[in-house]
2 protein chains.
Amino acid sequence: MRVLSEALALADERELDAVTMAALAQRLGVTTMALYRHVTNKADLLDGLVELLLAEAVQPAPQLAWPERLAAFATDLRATARRHPSVFPLLLERPAATAAARQARDEISLALADAGIPQQDTDQMQRLLSTAILGFALSEVAGRFDAQTAPQRDADFELLLEILTESIQSRLRA
Amino acid sequence: MRVLSEALALADERELDAVTMAALAQRLGVTTMALYRHVTNKADLLDGLVELLLAEAVQPAPQLAWPERLAAFATDLRATARRHPSVFPLLLERPAATAAARQARDEISLALADAGIPQQDTDQMQRLLSTAILGFALSEVAGRFDAQTAPQRDADFELLLEILTESIQSRLRA
DNA sequence: ACCTGAACACCGTTCAAGT
DNA sequence: ACCTGAACACCGTTCAAGT
């Protein structure tokens, strides 16, 4: 939907606070009130933005071994966060029960199943892994790691992946 | 400061959006404009709220073995999140360079040093651990785990601690 | 030192009316 | 079906003026 993609562009160019009904309408060359035909209210607009972000973040993954699949998922999510730093935080704050959110969970669960994690444990592990990855990506775009250099943040991300992979492997031996 | 503690109480009783300069002033029995004597603007007010939260979350820890010290830190942080669910998300979004933030980092670094992590690695590990714990606490209060029962979320939290502890131990053997 | 009145520019939202 | 004008209640903030 044009309204949503323009809202995302506006958020990227300025910041989330700049995404005002009036500013968005002006960008679309239309009056503020016209927006309420396409979106029921502002909360709905923000939900749409989150959905757009999720759809962009979760790529249909190719055939990969599970550690690479997990790394690809995390890398894609991190890249999306950096592309849309002002909208990304919304992702952690709005419980996503949408199709794209389910696809993200499935992607991790698939990696866990490939690794050989018992089916009764995959949901729990999936929640912990996705939370750790989301937390890292959010921290980075929110400026929590601004004291670190870019290469240092990359090294942190690599270590995160290493720890997550190890934690899966140790659950296989148990 | 009375202004900050009342703002926190207001956020707890209603929600963050309800913390408006007018509503806060009314609660203090004073006019809106009087607030600008105690706080330079609303952003400053929110920063003060974050600081208040951090101070509450980070308790001066007793003498504990490192796994218990780490667990105590995480448990305290999680409890603070649940006590102030609407303000807590701000903690991830405002890079905290304050005294309380430093104390939180030191608490984890101390546990890592006790565990025997080489000094050159503690900062990096500390960032990853605190990010995972913050991510969990934020997810929980933001409703990302609403599909899970309370006992299930508790079990998730225990597993998180277990994984983090394991990741420290595996770095000792390396 | 602390508080107030009046004023400003800007929010989101509704609703009847227009094409 | 889609857009607009006018209006509403509510934001944060400034500034001169009061005690």
Side-chain angles (χ1 to χ4, degrees), chain A residues 1-53 84-96 98 142-143, chain B residues 1-54 84-98 142-143:
Chain A
M1 198 213 285
R2 179 114 189 287
V3 172
L4 288 181
S5 60
E6 288 298 329
L8 183 58
L10 182 56
D12 292 342
E13 291 168 23
R14 318 251 266 113
E15 52 167 349
L16 192 60
D17 283 353
V19 181
T20 206
M21 297 301 267
L24 178 56
Q26 190 187 0
R27 181 182 251 264
L28 289 161
V30 99
T31 186
T32 306
M33 302 74 82
L35 292 178
Y36 288 84
R37 187 94 3 201
H38 305 94
V39 112
T40 76
N41 54 28
K42 184 155 186 198
D44 183 45
L45 174 72
L46 295 180
D47 283 338
L49 244 35
V50 167
E51 187 61 9
L52 206 65
L53 221 68
H84 310 289
S86 66
V87 177
F88 193 81
L90 293 180
L91 225 150
L92 257 271
E93 290 173 28
R94 320 212 146 209
T98 68
Chain B
M1 197 213 284
R2 177 111 190 288
V3 173
L4 288 183
S5 60
E6 289 297 330
L8 183 58
L10 183 56
D12 292 342
E13 291 168 21
R14 318 249 267 111
E15 52 167 349
L16 191 60
D17 283 354
V19 181
T20 206
M21 297 300 267
L24 178 56
Q26 190 188 359
R27 181 182 251 264
L28 288 161
V30 99
T31 185
T32 306
M33 302 75 82
L35 292 178
Y36 288 85
R37 188 93 3 199
H38 306 93
V39 110
T40 76
N41 54 28
K42 183 154 186 198
D44 183 45
L45 174 71
L46 295 180
D47 283 339
L49 244 35
V50 167
E51 187 62 7
L52 206 64
L53 220 68
L54 265 178
H84 309 289
S86 65
V87 177
F88 193 81
L90 293 180
L91 225 151
L92 257 270
E93 289 172 30
R94 320 213 147 208
T98 68

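Residue numbering restarts at 1 for every chain, and letters A, B, ... go by the order of the sequence lines.
A heavy atom lying under 4.0 Å from DNA chain C marks none of the residues of residues 3-11 of chain A. Listed by residue number, the members of residues 13-31 of chain B with any heavy atom below 4.0 angstrom from DNA chain C are B/V30, B/T31.
Taken from CZ in A/R37 to CG in A/L35, the straight-line distance is 11.0 Å, to the nearest 0.5 Å. A/M21 contributes atom CE, which lies 11.5 Å from atom CE of A/M33 (distance to the nearest 0.5 angstrom).
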(request) Show your reasoning for whether side-chain contact (heavy atoms from CB on, under 4.5 Å) applies to B/L8 and B/L4. (result) CA-CA 6 Å; B/L8 183 58; B/L4 288 183; over 6 Å; no
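Taking the side chain as every heavy atom from C-beta outward, A/T32 and A/Q26 never approach each other to under 4.5 Å. A/L90 has its side chain out of reach of A/L53: every pair of non-hydrogen atoms, C-beta onward, lies at least 4.5 Å apart.
Minimum heavy-atom separation, B/P85 to B/P89: O-CD, 3.1 Å. Scanning all heavy atoms of the two residues, the minimum distance from A/T20 to A/A23 falls at CG2-N, 2.9 Å.
Heavy-atom distances to DNA chain D give each of B/R37 and B/N41 a nearest nucleotide, and the one nearer the 5′ end belongs to B/N41.
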Which pairs of donor and acceptor atoms, one on a side chain in residues 40-49 of chain B, lie under 3.5 Å apart (sequence neighbours left out)?
{"from": "B/N41", "atom 1": "OD1", "to": "B/A43", "atom 2": "N", "distance (Å)": "3.3"}
{"from": "B/N41", "atom 1": "OD1", "to": "B/D44", "atom 2": "N", "distance (Å)": "3.0"}
{"from": "B/K42", "atom 1": "NZ", "to": "B/V19", "atom 2": "O", "distance (Å)": "2.9"}
{"from": "B/D44", "atom 1": "OD2", "to": "B/T40", "atom 2": "N", "distance (Å)": "3.1"}
{"from": "B/D47", "atom 1": "OD1", "to": "B/R94", "atom 2": "NH1", "distance (Å)": "2.7"}

Tell me which donor-acceptor pairs under 3.5 Å the side chains of residues 9-16 of chain A have, and how far apart each pair is, sequence neighbours excluded?
{"from": "A/D12", "atom 1": "OD1", "to": "A/H84", "atom 2": "ND1", "distance (Å)": "3.0"}
{"from": "A/D12", "atom 1": "OD2", "to": "A/H84", "atom 2": "ND1", "distance (Å)": "2.7"}
{"from": "A/E13", "atom 1": "OE1", "to": "A/R27", "atom 2": "NH2", "distance (Å)": "2.5"}
{"from": "A/E13", "atom 1": "OE2", "to": "A/R27", "atom 2": "NH2", "distance (Å)": "2.8"}

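Taking a pair as Watson-Crick or G-U wobble with both distances under 3.5 Å, the runs of three or more consecutive pairs in DNA chain D are C:4-8 with D:12-16, C:12-16 with D:4-8.
If you walk DNA chain D from 5' to 3' and mark each nucleotide with an atom closer than 4.0 Å to a heavy atom of chain A, the marks span D/dC2 to D/dA6.
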